[in-house]
Amino acid sequence: MCGIFGCISQQSQNLIENTLQGLKILEYRGYDSAGIAYHTDNNLQNNSIKVIKSVGDISQLAQKLKNPPKTNICIGHTRWATNGTVTKENSHPHLSFNDEIAVVHNGIIENYQSCCDFLAMNNISLRTPVDTEVIPNILYLLHHNKHNIHNYLQGQYVFCATGNSETELFLAKKGNLPLYIGRNNEQTIFITSDTLALPSNTTEIIILEDLDTCEITNNEIKFYNQSKPVTRKWQPFYQSFIATDKNGFSTYMEKEINEIPAVLQAILTKYHTDKNITSLRKQFHDLLKDVNCIHICGCGTSYHAALILAKIFERDLRIRTIAHISSELSPQTILSEKSIGIVISQSGETADTLVCMDVLQQKQIPIIAFCNVTTSTIAKRSQITFPLLCGPEIAVASTKVFCAAVLVGCLLVKNYTQNTQAEFLKTTHQILQNARQILPQPVSRPDKIFIIGKDIFYALALEAALKIKEVTYLHCEGYPANELKHGPLSMVDNNTLAIAFGNDTDNAKAEIEARGGKVITITNHTNNPLEFISQIIPAQTFALDLAHSLNINPDKPRNLAKSVTVL
Ligand code: F6R
């Protein structure tokens, strides 16, 4: 989905290159076009704003910017089209009618039509059908009153603007979308909608609050909330220890699958030794004392982690626990006052999950987040956030974060002995090493793939099927093993491949084989109660290899984005 990156410095520097580097990191979020705007001259009399845009990837934009000039202000954007087709004109930055103000924007301006009417009354007509274009024009009309901008725009948005007669960046935020300001020790200020894009030497950040506006000049930052001056504090920032490059692997998906043992180890260590986490755990168990129902919510892979944890929590805590697809939890859902909500999210920015949090919060239900991006909106809006400690996950298909979320949930409700933990890590390494023998590629491409399992292995089957669908575009269905005979068995023929998770699927396997289908079983190596978490690895590797054999880039499957910030 869309991404914002920009920088401002006292002296002219290579800020265009910095912006292109920032945009390159934002690529993983999914986008279809990109652009930048920069100031041509430090001296306001000669200054103008130059905009360069291009459809396609950042390398195409970079082609147009060989030997870029030095500048002291540059803003950039990756666009994932929502309204207005994918064209160079529709990509950001958008300019005011007189080319004096440039804007990059994430989110949706819901009162777009009334903004157009307001601009038409002021004889301003627009060049594109993109909602963003109203922003620089309204800023132009507001002139010195630009901190009132939120009174003119409805919806959830963040944007960054710069004008050619001003030496500043102007930021605004309404609603849930994130916008961060980062600084290093070299007097350069960065702005971004995703902290992953901040340079590694960033030392501190500020997170904008709802209804904030902010002016950043080269020596001062001023914050306002609903037009009144406010203070926002710098917080220390630590870029993740896991590198954002591919570390020798040909794809991020492969790299991230290979990071699973290290991530699980980091979680086991930190969740047993870190004082902060011990204190969060205590707060969590204090909350549980008065609770008769737990609602665990998430989308896609995070929902599958929720499904597994709902079974485990119910069993181990003896508290009714329900897993919800975030977008299916509605104000009509029965939620007792003695409930708690748990939201699971890799990105911490998923719009469907944020709306689900609104529903929970309207009923005053405390929310606990399991989140990989701990600076995210979901983390910020939760009472307690348990970090998933995975470092950046760049591939669109989530792999390591799934395993991390399930392990964190297990550790919160049960104590595992040192031996159990050590055996779990050893088995995880073995499963990773042998993934391709455990689940080999089919000799010929199957027409249909079924993945079956019972109980938590059914949730694992759903997750494996989602991975295969996402990166191979083949139809693949996760099914409860015993349900097959209640309908889908009619589809099984000798072009069917079935993957069976767990030990309890013999009848279903026999029924598939009797109709010509091929079955591969993924069973336990040990009796370790955590081993099931690592059994997803062969399915992830299977999806990855199948994608390669079909010439699909598994890191960027068509039509999908990493962080889904639209409803
Ligand atoms: C699948 C996948 C998605 C996400 C879903 C929720 O591989 O990555 O299904 O799990 O979009 O995203 P988060 O976890 O960021 O809330």
Side-chain angles (χ1 to χ4, degrees), residues 1 3 28-30 80 176-178 193-196 251-254 256-257 260 296-309 323-329 341-357 367 369-382 385-406 408-409 451 459-473 476 478 536-537 539-544 547 552-567:
M1 303 254 136
Y28 82 101
R29 301 171 66 87
W80 192 81
N176 280 323
L177 295 168
S193 53
D194 183 336
T195 51
L196 212 54
T251 59
Y252 281 110
M253 186 173 173
E254 187 171 10
E256 287 157 9
I257 294 171
I260 290 173
I296 315 188
C297 312
C299 304
T301 292
S302 293
Y303 167 66
H304 297 151
L307 269 178
I308 293 176
L309 292 179
H324 301 268
I325 294 174
S326 299
S327 55
E328 292 293 317
L329 190 97
I342 296 179
V343 290
I344 304 181
S345 179
Q346 187 289 124
S347 60
E349 304 297 345
T350 303
D352 285 319
T353 300
L354 282 161
V355 171
C356 158
M357 290 174 80
I367 299 178
F370 293 4
C371 200
N372 194 37
V373 183
T374 47
T375 48
S376 63
T377 311
I378 287 178
K380 235 175 143 226
R381 280 187 50 190
S382 300
T385 298
F386 288 103
L388 297 181
L389 304 173
C390 290
E393 192 182 61
I394 307 273
V396 164
S398 182
T399 53
K400 57 180 176 172
V401 174
F402 171 76
C403 297
V406 177
V408 163
I451 311 203
L460 225 50
L462 289 176
E463 174 55 13
L466 178 63
K467 281 305 82 101
I468 294 172
K469 277 186 269 210
E470 275 184 290
V471 302
T472 70
Y473 315 156
C476 176
I536 195 66
I537 296 174
Q540 293 169 340
T541 308
F542 179 87
L544 171 82
I552 294 168
N553 175 358
D555 287 346
K556 291 184 193 161
R558 67 184 180 202
N559 309 336
L560 300 180
K562 181 66 180 163
S563 178
V564 187
T565 51
V566 294
L567 292 176

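Predicted model, so just to flag it, every value in this text is computed and none were measured. When reading the values below, keep in mind they use all heavy atoms of this one structure, side chains included, and skip hydrogens, waters and symmetry mates. For ligands, and for the atoms within them, numbers begin at 1 and follow the listed sequence.
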Student: Got I536 and I260 here, is their nearest side-chain heavy-atom distance under 4.5 Å?
Tutor: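 No, every pair of side-chain atoms sits at 4.5 Å or beyond.
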Student: Pull out every atom of ligand 1 sitting under 4.0 Å from any heavy atom of A397, numbered as shown with elements.
Tutor: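 Atoms satisfying the 4.0 Å criterion: 7 (O).
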Student: Could you tell me which atoms of ligand 1, counted from 1 in the order shown, lie closer than 4.0 angstrom to a heavy atom of V396?
Tutor: 7 (O), 8 (O)
Student: Distance from L460 atom CG to I308 atom CD1, nearest 0.5 Å?
Tutor: 5.0 Å
Student: Among all the protein's non-hydrogen atoms, which is closest to atom 12 (O) of ligand 1, and how far away is it?
Tutor: T350 OG1, 3.4 Å
Student: Closer than 4.0 Å to some heavy atom of S302 - which atoms of ligand 1 meet that?
Tutor: 10 (O), 13 (P), 14 (O)
Student: For ligand 1, which atoms sit closer than 4.0 Å to a heavy atom of E470?
Tutor: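 Matching atoms, with element in brackets: 1 (C), 2 (C), 7 (O).
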Student: With heavy atoms only and a cut-off of under 4.0 Å, state how E349 meets ligand 1: side chain, backbone, both or neither.
Tutor: neither
Student: So is there a nitrogen or oxygen of T353 less than 3.5 Å from a nitrogen or oxygen in ligand 1?
Tutor: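 Checking ligand 1 against T353, no N or O pair falls under 3.5 Å apart.
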Student: Could you list the residues that satisfy side-chain hydrogen bond (donor to acceptor under 3.5 Å, both in side chains) with S326, not counting sequence neighbours?
Tutor: T353
Student: Would you mind checking which non-hydrogen protein atom is closest to atom 15 (O) of ligand 1, with the distance to 0.1 Å?
Tutor: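 Here the nearest protein heavy atom works out to S347 OG, 2.6 Å.
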Student: Taking the side chain as every heavy atom from C-beta outward, state whether T301 and K467 have any pair of such atoms under 4.5 Å apart.
Tutor: yes
Student: Just need the protein heavy atom nearest to atom 5 (C) of ligand 1, so name the residue and atom and give the distance.
Tutor: C299 O, 3.5 Å
Student: Numbering the atoms of ligand 1 from 1, which are under 4.0 Å from a heavy atom of K467?
Tutor: 1 (C), 7 (O)
Student: Ignoring hydrogens and angles, state whether a donor on the side chain of K380 or T385 is under 3.5 Å from an acceptor on the partner side chain.
Tutor: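 Their side chains do not contain a donor-acceptor pair, so the 3.5 Å distance test is not met.
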Student: Distance to 0.1 Å, residue and atom name: give those for the protein heavy atom nearest to atom 11 (O) of ligand 1.
Tutor: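 For atom 11 (O) of ligand 1, the nearest protein heavy atom comes out as V564 CG2, 4.0 Å.
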Student: Assess, by modelled atom type and distance only, whether the side chains of Y28 and D194 contain a donor and an acceptor separated by less than 3.5 Å.
Tutor: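 D194 and Y28 do have a side-chain donor-acceptor pair below 3.5 Å.
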Student: Compute whether any side-chain donor of one residue and acceptor of the other, for S376 and E349, lie under 3.5 angstrom apart.
Tutor: no
Student: For ligand 1, does T301 get within less than 4.0 Å through its side chain, its backbone, both, or neither, judged by non-hydrogen atoms?
Tutor: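 It is both parts that get close, each with some atom under 4.0 Å.
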Student: Once rounded to the nearest 0.5 Å, what's the spacing between atom OH of Y473 and atom CZ of R558?
Tutor: 5.5 Å
